[in-house]
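Below: one structure, written as structure tokens.
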Amino acid sequence: MLQGDVGLELAARVVAAVKSSLDLDITPAEALIRPSNRPGADYQCNAAMGLGKRVGRPPREVAAAIVGALDGTDLVVEPEIAGPGFINLTLTDTWLTTHIEQLLGEERLGVPVTERPRRIAIDYSSPNVAKEMHVGHIRSTVIGDALVRMLRFHGDEVIPHNHLGDWGTPFGMLIEHLVDEGVDADHSVSDLNVFYQEARKKFDSDPDFAERARLRVVKLQSGDEQTLELWQQLVDESMRHFMKAYKMLGIGLTPEDNYGESFYNQYLADTVAELEQKGLTEISDGALCVFPKGFFNREGDPLPLIVRKSDGGYGYMSTDLATARYWGVERAATDLLYVVGTPQAQHFAMVFVASRDAGWLTPEQNTVHVNFGSILGEDGKMFRTRSGDTVKLIDLLTEAIDRAAAVVGEREDLTAEERASIAHAVGIGAVKYADLSSDREKDYVFSWEKMLATDGNTATYLQYANARTLSIIRKSGETVRPGAKVTLAEKAERDLALQLIQLPAAVQAAIDGYTPHKLTTYLYETASAFTSFFEKCPVLKAEPEIRASRLALCALTSKVLTLGLDLLGIKAPTRL
RNA sequence: GCCCCCGUAGCUCAGCGGAUAGAGCGAGUGACUUCUAAUCACUUGGUCGCAGGUUCGAGUCCUGCCGGGGGCACCA
């Protein structure tokens, strides 16, 4: 049984052919196997041109030598050499059908488990306590969750952590405001945004209050019991809110995954002491700083990470160094992933350099800022939190579900419960998919219309295709069994089959670059290949053998779409 | 001023150094008594920001420029 992608197998064959015909050692990557978009060719090998240069022979001659030595009769039909030296590879129908038949019985649909699992600590979501989650939190939360799912499926040990903004100076004013409002009034923080804004307003306008807030910060940091209790109330209330959003979104984060700023607080003094001990710090403008090499401010002077502020307090830079130290040393993670917006790129670059200088991370340990573009308003400007016009996350999700419900409501053959469940899957899926289906590094213009669209490259389209596959199978009254005989007569059937075997490559590509959109693109193409097949190839009315074969294709399509969507954190309802 | 990211069809976006740059939306024409029309087929649409360079081959790599965005000392 072939594990993984066919492209890898083809590459191995080409490597062997190059060795035997040209006596050259090349890597599988150098075999340059690519899926081909040429009619009639499934894959192509682009190695001959480069090798021709290397051995000083015409590329077409090299291509002919490779083809002559290629041991691939079980896999591909006689390859054809085209243009300057492209080798067109077409899978035999025998191989393709056999492979499809085998995949039907395979839980992982051909995706291998990694042989070298890693321990991956991933920081994502990271909302602020006492602030309601808004659209700006979608990206980190949804992308992070998808990465967790994909990496776990890949076989890695994944440790998610939610870096809550639950500590620091704002909590002085928040706690004082809580005291003013009456500690027992359990509804006092029910609307977190209003609560925060009121506290802020009082802090700015009432010097008395501001002074109390400052004193409260000192109490908090010195561990005053009563203050900690109040603080805990704020955190708990916020967590209830976060969990509500996570539950709606189908995000797996729980309070167990909380590693907020308050958690790292206990490590800050040691972290800083260690930096001092290693001679990496210096005092600048009264602040204790680390100056990682290669970073400069606008005057051209070295740019610091301020590890202890001039007032003796610790800021986010100390905390982020403490996280790198904690996950790199204490938890021995092999990979540290931070799903945080692009604007913080320089900050993370500095933290990574400083952490390596401090010896907390070895060269074998990867640090990746899984950055993503900003959410922009319709005006193309940054969607600022303080603009007052932010869309609340819960409102957005509710709206998305309502819109989906309006369409599902027309279905009369479903129970109210089914309709609600479908509306939820479709609405939430639309929002998540909108965020996962484009290159995460690019900025994102917020638009209801785009986010809730149900046509084109959207979650709804995939869910719809899946529901149709299952509808056919349901109506057939049969269960498709592994090993069901498959034949590929029509072009639409073969196109679909070829698409279905490429899941492993798509998953790997998405994992390699932490780029979920590579998977969404593949799934969209798969759904598209299915709908073409659906239009052209009747299943239930076909002759028994064809019918069985097409049912098998439907079944495998459904498995691929369902698994793929699951890796993205999107539900695939059996009916729509 | 320095650094980072982006610039592909009217719009939103894919595109792994390979052949004639692809989808969706929009617009136009067809297709539901037939497995779900939340669909499909066909048509329309491009100086890949500009100029050099590397290469057998550049949307993709390098340099410079133009345009947009972001970051650049005690907020995160």
Side-chain angles (χ1 to χ4, degrees), chain A residues 29 32 34-38 44 46 49-50 52-53 58-59 82-86 88 126 128 163 165 168-170 261 284-289 294-301 303-311 313-320 340-347 349 371 373-374 376 380-382 404 407-408 410-411 413 426 437-439 441-443 445 447 449-450 453-458 460-461 463-465 467-476 505 509 513 517-518 520-521 524-525 528 531-532 534-542 550-551 554 575-576:
Chain A
L32 298 177
R34 303 278 184 270
S36 179
N37 53 11
R38 310 297 289 183
Q44 58 181 283
N46 301 334
M49 283 78 81
K53 186 88 178 169
F86 296 105
N88 287 334
S126 309
N128 291 318
H163 194 119
T169 46
E261 284 158 8
S284 176
D285 287 349
L288 189 69
C289 300
F295 299 92
F296 304 95
N297 67 14
R298 69 186 91 224
E299 280 77 43
D301 300 325
L303 190 62
L305 283 171
I306 294 166
V307 297
R308 194 170 57 222
K309 298 190 284 185
S310 50
D311 67 1
Y314 300 111
Y316 67 97
M317 303 190 212
S318 329
T319 309
D320 283 342
V340 180
T342 301
Q344 291 188 45
Q346 181 177 260
H347 167 67
N371 61 321
S374 307
L376 306 179
K381 293 265 168 67
M382 282 283 277
V407 179
V408 182
E410 294 162 12
R411 292 284 149 89
D413 54 332
V426 170
S437 58
S438 66
D439 185 346
E441 291 199 39
K442 296 193 178 172
D443 287 348
V445 176
S447 145
E449 202 182 326
K450 195 199 163 199
T454 59
D455 41 17
N457 184 10
T458 64
T460 312
Y461 181 82
Q463 290 167 327
Y464 182 64
R468 297 218 280 191
T469 65
L470 294 175
S471 174
I472 293 173
I473 294 170
R474 206 161 38 237
K475 291 210 164 118
S476 77
H517 82 281
K518 304 248 176 189
T520 65
T521 301
Y524 173 63
E525 285 166 357
S528 186
T531 44
S532 295
F534 180 90
E535 298 286 333
K536 282 173 202 146
C537 305
V539 178
L540 299 181
K541 289 184 172 174
R550 289 180 178 171
L551 277 171
C554 288
R575 290 163 178 262
L576 222 63

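- To the nearest 0.5 Å, the span separating CG on Asp320(A) from CD on Glu261(A) amounts to 8.0 Å.
- Across all strands shown, Ala467(A) has heavy atoms under 4.0 Å from base atoms, whether or not it also approaches the sugar-phosphate.
- Side-chain proximity of Asp285(A) to A73(B), G24(B), U34(B): nearest is A73(B).
- Across the C1' atoms, G17(B) and A37(B) are found 42 Å apart, a figure rounded to whole Å.
- When the P atom is used for both G7(B) and C16(B), the distance is 12 Å, rounded to whole Å.
- Base orientation of C32(B): syn (glycosidic angle within 90° of 0).
- Ile473(A) comes within 4.0 angstrom of no nucleic acid atom, judged by non-hydrogen atoms across all strands.
- In this structure, Gln463(A) atom CD and U39(B) atom P are separated by 13 Å, rounded to whole Å.
- Counting non-hydrogen atoms under 4.0 angstrom, Leu540(A) reaches a base of the nucleic acid.
- Nucleotides G70(B) and U60(B), compared at atom P, are 26 Å apart to the nearest Å.
- Heavy atoms of Arg308(A) sit nowhere under 4.0 angstrom from any nucleic acid atom.
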Next item on the list: Do nucleotides 11-19 of chain B as a string where each nucleotide becomes B, S or -: B if the base has a protein heavy atom under 4.0 Å, S if just the sugar-phosphate does, - if no protein is that close.
Entry: -SSSSB-BB
Margin query: side chain to side chain contact (heavy atoms under 4.5 Å, CB included) for His163(A) and Thr319(A)? Distances and angles first, verdict last.
Written below: CA-CA 10 Å; His163(A) 194 119; Thr319(A) 309; 3.9 Å; yes
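- The backbone N or O of Val307(A) lies less than 3.5 Å from a partner atom in the side chain of Ser318(A), making a donor-acceptor pair.
- Qualifying ring-ring contact (aromatic ring centres under 6.0 Å, His included) partners for Tyr524(A), counting only residues two or more places apart in sequence or in other chains: Tyr461(A).
- No contact: Thr458(A) has no heavy atom under 4.0 Å from any strand.
- Summarising the geometry of Pro538(A) relative to Arg550(A), their closest heavy-atom pair is O-NH1, 2.7 Å, with the distance given to 0.1 Å.
- Looking at heavy-atom distances under 4.0 Å, Thr531(A) makes contact with sugar-phosphate atoms alone, never a base.
- Note on Val408(A): a base of the nucleic acid sits closer than 4.0 angstrom, heavy atoms only.
- The separation of A58(B) from A38(B), taken at their C1' atoms, amounts to 40 Å, rounded to a whole angstrom.
- What separates CG of Asp455(A) from P of A38(B) is a distance of 11 Å, to the nearest Å.
- Among the nucleotides A38(B), U39(B), U36(B), the one closest to any side-chain atom of Tyr461(A) is U39(B).
- The base of A76(B) sits with one of its N or O atoms less than 3.5 Å from a complementary donor or acceptor on the side chain of Tyr316(A).
- Taken from CD1 in Ile306(A) to OH in Tyr316(A), the straight-line distance is 7.5 Å, to the nearest 0.5 Å.
- Residues Leu303(A) and Gln346(A) have side chains in contact (heavy-atom distance under 4.5 Å, counting atoms from C-beta outward).
- Taking atom CG on Leu376(A) and atom P on G70(B), their separation rounds to 8 Å, with Å as the unit.
- Contact between Pro59(A) and Pro84(A) at its shortest, heavy atoms only, is CB-O, 3.2 Å.
- Residue-level contact check: Phe534(A) touches the bases, meaning some heavy atom is under 4.0 Å from a base atom.
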Checklist line | Steps toward side chain to side chain contact (heavy atoms under 4.5 Å, CB included) verdict (Asp413(A), Arg575(A)) | finding: CA-CA 11 Å; Asp413(A) 54 332; Arg575(A) 290 163 178 262; 4.2 Å; yes
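- Protein atom NZ of Lys541(A) is 12 Å distant from nucleotide atom P of U33(B), rounded to whole Å.
- Within the 4.0 Å cut-off from OP1 or OP2 of C75(B), not a single side-chain nitrogen or oxygen of Tyr314(A) is found.
- Contact annotation: Thr454(A) does not reach the phosphate of A38(B) (side-chain N/O to OP1 or OP2, under 4.0 Å).
- Each of Phe296(A) and Asn371(A) has a nearest nucleotide on RNA chain B; the 5'-most of these lies closest to Asn371(A).
- Between G22(B) and C48(B), the two P atoms lie 14 Å apart (nearest whole Å).
- A straight line from CG of Leu576(A) to P of U39(B) spans 11 Å, rounded to a whole angstrom.
- The separation of G26(B) from G10(B), taken at their C1' atoms, amounts to 8 Å, rounded to a whole angstrom.
- In this structure, CG of Leu288(A) is placed 18 Å from P of A73(B), rounded to the nearest angstrom.
- Comparing the same atom, P, in C35(B) and in G30(B) gives a spacing of 23 Å after rounding to whole Å.
- Taking every side-chain heavy atom of Ser471(A) into account, C35(B) is the closest of U39(B), C35(B), A38(B).
- RNA chain B is contacted by both Ala404(A) and Asn297(A); Ala404(A) maps to the nucleotide lying nearer its 5′ end (nearest heavy atom per residue).
- Distance His347(A) NE2 to A76(B) P: 10 Å, rounded to the nearest Å.
- For the P atoms, the distance from A21(B) to C66(B) is 31 Å, rounded to whole Å.
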Notebook entry, point to check: If pairs are Watson-Crick or G-U with both distances under 3.5 Å, what is the dot-bracket string of RNA chain B, marking crossing pairs with [ ] and pairs to another strand with |?
Noted result: (((((((..((((....[...))))((((((.......))))))....(((((..]....))))))))))))....
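- Among the atoms of the strands shown, base atoms are found under 4.0 Å from some heavy atom of Cys289(A).
- Here CG of Leu540(A) is found 6.5 Å from OG of Ser476(A). Values are rounded to the nearest 0.5 Å.
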Checklist line | Chi angles and distances behind the side chain to side chain contact (heavy atoms under 4.5 Å, CB included) call for Asn371(A), Glu441(A) | finding: CA-CA 6 Å; Asn371(A) 61 321; Glu441(A) 291 199 39; 3.7 Å; yes
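- Contact annotation for Gly165(A): no contact, since no heavy-atom pair falls under 4.0 Å across all strands.
- Rounding to the nearest 0.5 angstrom, the gap separating the NE2 atom in His347(A) from the CZ atom in Phe295(A) is 11.0 Å.
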